Structures are given as structure tokens and as C-alpha cells.
Amino acid sequence: MPISTRVVRFAIFFLMPLLTVAARTQDNHPTLLIESPMPYQVFQRQTAMQGMIVVRGHLDANAENSGFDRDLDIVACVRRESTLPESDAEAKCRRVVHDRAARTFNGTLAAPAGGFYTVELRLMRKGKQVAAQSVEHVGVGEVFVISGQSNSTNYGEVRQTVKSRYVTTFDGKEWRIADYPQPGVQDSSSKGSFIPAFGDAMYAKYHVPIGIASVGHGSTSVRQWLPKGGHFKTQPTMTKFTRQVAAGVWECDGTLFEGLMKRIHQLDSFAPHGKHGFRALLWHQGESDAHQRPPHQITAEEYRTLLAEIIAASRKDAGWKFPWFVAEASYHTPDDPLTTEIRDAQASVWHSGLALQGPDTDQLTGMNRQNQGTGVHMSNTGLQAHGQLWEEKVSEWLDGVLAR
């Protein structure tokens, strides 16, 4: 074989792969890594008609690529996921501010309340798209934090699913449709919740996605929800999250309060200015403070004082005065359907203006309760009624807010 032929074959065999790798490296652009929005995330709307979708993330650039150069831009686009007329379905786009040195980007997209939307991020160089990443099922609507004891978590008799498919839930890491069980709660419950019924009723009224963050814990007293170091006089029936520090003095370790505030801060981190990332907190608790055995029973005045302390501390920690709704909840059994003293303490925080009036769930008796009406938790019928009661109270107030 002539020497010239062998040289050509050598070049083809050994050098072409290197040339191919070089070409791929040259065309290998950074990857868009999106932190916000997430699939099924709901952003709290600012007005009845509009909200802001926060777009945030960074670029993962390989070693051969400098990533953010002077010619690189990021454009975010939002479009409805629907069969609406073409004019309404067209994508609305805007450039997103980015930090070239840190390879991060952060911006907002205005969008009408509703959804779901698809949000697409486009990496542009000299006006040409070189990479893209999209997130589906992003909503702009109403977001609520739900806390308290077992009837705020997953202890209902029958597992529930979302009928509208426009109610989603957040566990601190990801969002999903709010079918059973509700994630993010601070106990191990895994059965039914009133949240699907509440969310469906809210969606039917307002026609916007509903987002939920559920952080309750079963069997807990108001004493166990105090911030770390909060003192009280009487040991609760369940001693978890508390310790005795002196004769007649008990202290809360703050675990549940910190879990509540962690979720609140996470929701606020998705708000345009770091606050107002949700509409209100719904509090359903009181059964574990009602008609307890004598060594564990607290007075109505102590209940009111401790709940007021929790509300004030949560607002101070959050940095804004978010609304609290407080339910009347003290039911145990058909033979012990309510405790007037605890109900009066719960109502006192409405009358003082510290909180808003939640539903009276002690009225959910008979077949609204599990085990053929003999239990403290809700039956299938009760979970539906519970959700409806919350929707009535919340929407009565929210109608006035949205009309301003």
C-alpha cells in the first residue's frame, strides 16, 4: 500500500474522532436547571385578575464551556395549557435577569390568574435559541397553609381524591395533585383529609388553581405548637415536643412551630418580594385541649393566651401579618360533643381581631364521624362537609379582599 494512502487512512481513523469531539464541545451549550417554577406549583395571585410567576435557577456549564458570556441571554415564556382561542394561547415572553459570574437567573412573569400554564425558558446566543427547558402545569391562584391536629392532617376514615384536578399540594420539595395522603404533614398519617373537598369547592367558586401546604400533627395540644422555649403551666396529655423545666413549669421544644415556619418561608421564597407567598393559614385544633384528664386540662384563658402567642410569633418570624383562620373544634364523641370553654377561647381570638372566624366543626356529628358516628375523626361524608365549611368561611372573607 502506498505511503500516502496509509497516511490518509491513519488521519481518518485517529483524527476524525478528535475533530468530532471538538465540534461537539463547541456546540455544547450550558444546561438550564430550573428551581422555580415546579410542575403543579401554584403562585399566590396579587389581585383578582393577575399574579406573578417567579422564574429562578442556574446554568450547569461543562468544563469546556464558559457558560455566561456576553452574547448569552435567557428568555422566559408563559402560555396557557388549554383549548382557548389561539390569540389567548400564544406565549408571552420576556428576558430574565441573570448573573453571569454566578451563572444564576432570577425574574418574574406576569400571568392572568388561572392556569395551568407551561413556562418555557430559552437560552439565546446572538438572537439564536441554543437550548430550552419547559415546566408544565404551573398555576396562578390561591395558596393556603393548613395546620393543627389530626382533623387537619390525614386521619379521615376514607381516602379522598381531587375531582377538579386543579388542587395541588406542596411538601417542601415538590408539588403534586392533592390526592391522598397530603404530604408535608408532621405526623405519619396516611388516610383521608378534608383538603381535596376544600380545594375543589374553592376551585368551583373562583376558577383558579388552589395550592395547599399541610403541616399539622395529630393529637397535639396548643401547648406543643409554641416556639422553642415557650413556657406553660400544665403538662399536655401527649408529652412529645415538651419537657418539664421546674415545678409547675413546662417548656416546648419548638419542633412543630419550626416545621410550620419552614413551610411558610418556603412559600414566601416563591413570592416576588419574599413575602405574601400564600393567602392565609387555616388552623383546626382543640380536641387535645378539651375535656382532658384533670392533670392535663388547661383553662380557656391559658388556651387563648398560648394561641395568641403562636399567632404573634409566626407573624413576627414571617415578617408580615398573614391572616389566621381559627376553627371551633373540641368534639370527642357523641357523649362529649363539645367543650364550651375551649370553643369560647377559640372564638375570643376572632372577637379580638387577632384571627378570622373559621368554621364550627363541632356541628359535624352523627354519620359525619368515623366508625358509624362513634369516632373523633371524619367519615367520608364528614370530610366532604368539613371541606365545604372551610370554603364557606374562607370565601366569605376572600370575596371582600378581592373586591378591594
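Everything quoted here is computed from the prediction, not taken from an experiment.
Looking at V158 and Q160, their side chains come closer than 4.5 Å, going by heavy atoms from C-beta outward. Two residues are said to be in side-chain contact when any heavy atoms from C-beta on lie closer than 4.5 Å; P196 and V167 fail this criterion. Here the side chains of C252 and R243 are not in contact, with every heavy-atom distance at 4.5 Å or above. By the 4.5 Å heavy-atom criterion applied to side chains, I195 and I146 are counted as neighbours. Within the 4.5 Å cutoff, the side chain of P112 has heavy atoms near those of the R80 side chain. With a 4.5 Å cut-off on side-chain heavy atoms, R293 and T237 count as touching. Using a 4.5 Å heavy-atom cutoff, the side chains of V140 and Y117 are in contact. Contact annotation: the side chain of V185 approaches that of N154 to within less than 4.5 Å [non-hydrogen atoms, C-beta and beyond].
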Checking L33 against H58 for the side-chain contact (heavy atoms from CB on, under 4.5 Å) test, could you report, in this order, the C-alpha distance in whole Å, the side-chain angles of both residues, the deciding distance, and whether it holds? CA-CA 5 Å; L33 300 178; H58 64 280; 3.2 Å; yes
side-chain contact (heavy atoms from CB on, under 4.5 Å) assessment of V326 paired with W350: CA-CA 8 Å; V326 174; W350 322 329; 3.9 Å; yes
I would like to know whether D289 and R223 meet salt bridge (Lys or Arg N to Asp or Glu O under 4.0 Å); could you show each step before the answer? CA-CA 9 Å; D289 291 305; R223 291 161 276 190; 3.0 Å; yes
Evaluate side-chain contact (heavy atoms from CB on, under 4.5 Å) for I74 paired with R122, printing each intermediate quantity in order. CA-CA 6 Å; I74 297 176; R122 301 170 183 172; over 6 Å; no
Would R45 and E142 satisfy salt bridge (Lys or Arg N to Asp or Glu O under 4.0 Å), going step by step from the backbone distance to the final call? CA-CA 6 Å; R45 58 180 169 174; E142 293 293 330; 2.6 Å; yes
Test side-chain contact (heavy atoms from CB on, under 4.5 Å) on L121 and V75; report intermediate values, then the result. CA-CA 6 Å; L121 269 71; V75 174; over 6 Å; no
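Checked against a 6.0 Å centroid threshold, the rings of H276 and W320 count as neighbours. Taking the ring centroids of Y40 and F170, they lie at or beyond the 6.0 Å cut-off. Aromatic pair F194/H386: centroids less than 6.0 angstrom apart.
Looking only at distances, a side-chain donor or acceptor of R369 sits under 3.5 Å from a matching main-chain atom of V376. The closest donor-acceptor contact from the side chain of H332 to the backbone of E287 lies under 3.5 Å. Of the possible donor and acceptor atoms, none in the side chain of Y166 sits under 3.5 Å from a partner among the backbone N and O of G199. At least one donor-acceptor pair under 3.5 Å links the side chain of T299 to the backbone N or O of E302. At distances below 3.5 Å, not a single donor-acceptor pair connects side-chain atoms of D73 with backbone N or O atoms of M124. Remark: the backbone N or O of C77 is not paired with any side-chain donor or acceptor of E120 at under 3.5 angstrom. R165 places no side-chain N or O within 3.5 Å of a backbone atom of T168 that could act as its donor or acceptor partner. Looking only at distances, no side-chain donor or acceptor of Q224 sits under 3.5 Å from a matching main-chain atom of L256. Q297 places no side-chain N or O within donor-acceptor distance of the main-chain N or O of P295, the cut-off being under 3.5 Å. In terms of modelled atom types and a separation under 3.5 Å, the side chain of Q292 and the main chain of A290 share a donor-acceptor contact.
In this structure, a donor-acceptor pair under 3.5 Å is absent between the side chains of D335 and T333. In this model, a donor atom of one side chain and an acceptor atom of the other lie less than 3.5 Å apart for E301 and T305. Side chain to side chain, H291 and D336 meet the donor-acceptor criterion of an N or O pair below 3.5 Å. Side chains of T234 and H296: no donor on one and acceptor on the other come within 3.5 Å. Neither side chain, Q41 nor H137, offers a donor N or O lying under 3.5 Å from an acceptor on the other. In this model, no donor atom of one side chain and acceptor atom of the other lie less than 3.5 Å apart for D99 and T104. Looking only at atom types and distance, the side chain of Q182 has no donor-acceptor partner in the side chain of S193 under 3.5 Å away. Side-chain contact annotation: Q149 with T220, donor-acceptor N/O pair under 3.5 Å absent.
With values rounded to the nearest 0.5 angstrom, I342 atom CD1 is found 9.5 Å from D344 atom CG. To the nearest 0.5 Å, atoms OG1 (T381) and CE (M367) are separated by 7.0 Å. Rounding to the nearest 0.5 angstrom, the gap separating the CG atom in D171 from the CD atom in Q266 is 8.5 Å. Note: E391 CD to D200 CG = 11.0 Å, rounded to the nearest 0.5 Å. Residue L383 holds its CG atom at 9.5 Å from CG of N368, rounded to the nearest 0.5 Å. Here the CH2 atom belonging to W175 is positioned 8.0 Å from the CE atom belonging to M38, to the nearest 0.5 angstrom.
The shortest heavy-atom contact between V162 and D179 is N-OD1, 2.8 Å. Of all non-hydrogen atoms in P39 and V135, the two that sit nearest each other are N-CG1, 3.5 Å. Nearest heavy-atom pair across L338 and T340 is CD1-OG1, 3.7 Å. The nearest pair of heavy atoms linking P181 to S190 is CB-CA, 3.6 Å. Here the shortest heavy-atom pairing between T118 and S134 reads CG2-CB, 4.2 Å. In plain terms, the two heavy atoms of P209 and G115 that are nearest each other are CD-N, 4.1 Å.
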Can you give me every donor-acceptor pair (side chain of residues 352-362, partner residue at least two apart or in another chain, under 3.5 Å) with its distance?
| unit_1 | atom_1 | unit_2 | atom_2 | d |
| --- | --- | --- | --- | --- |
| S352 | OG | S348 | O | 3.3 |
| S352 | OG | V349 | O | 3.3 |
| S352 | OG | L354 | N | 3.4 |
| D360 | OD1 | R343 | NH1 | 2.8 |
| D360 | OD1 | D362 | N | 3.1 |
| D360 | OD2 | R343 | NH2 | 3.1 |
| T361 | OG1 | H284 | NE2 | 2.8 |
| T361 | OG1 | E328 | O | 3.2 |
| D362 | OD1 | S330 | N | 2.8 |
| D362 | OD1 | Y331 | N | 2.9 |
| D362 | OD2 | S330 | N | 3.3 |
| D362 | OD2 | S330 | OG | 2.7 |
| D362 | OD2 | R343 | NH1 | 2.9 |

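Between D399 and K205 there is a salt bridge, with a side-chain nitrogen of the basic residue lying less than 4.0 Å from a carboxylate oxygen of the acidic one.
Every residue meeting the ring pair (Phe, Tyr, Trp, His ring centres under 6.0 Å) condition with F144, not counting sequence neighbours, appears here in chain and number order: F198.
Of the candidates F241, W283, F232, F257, W225 forms a ring-ring contact (aromatic ring centres under 6.0 Å, His included) with just one, namely W283.
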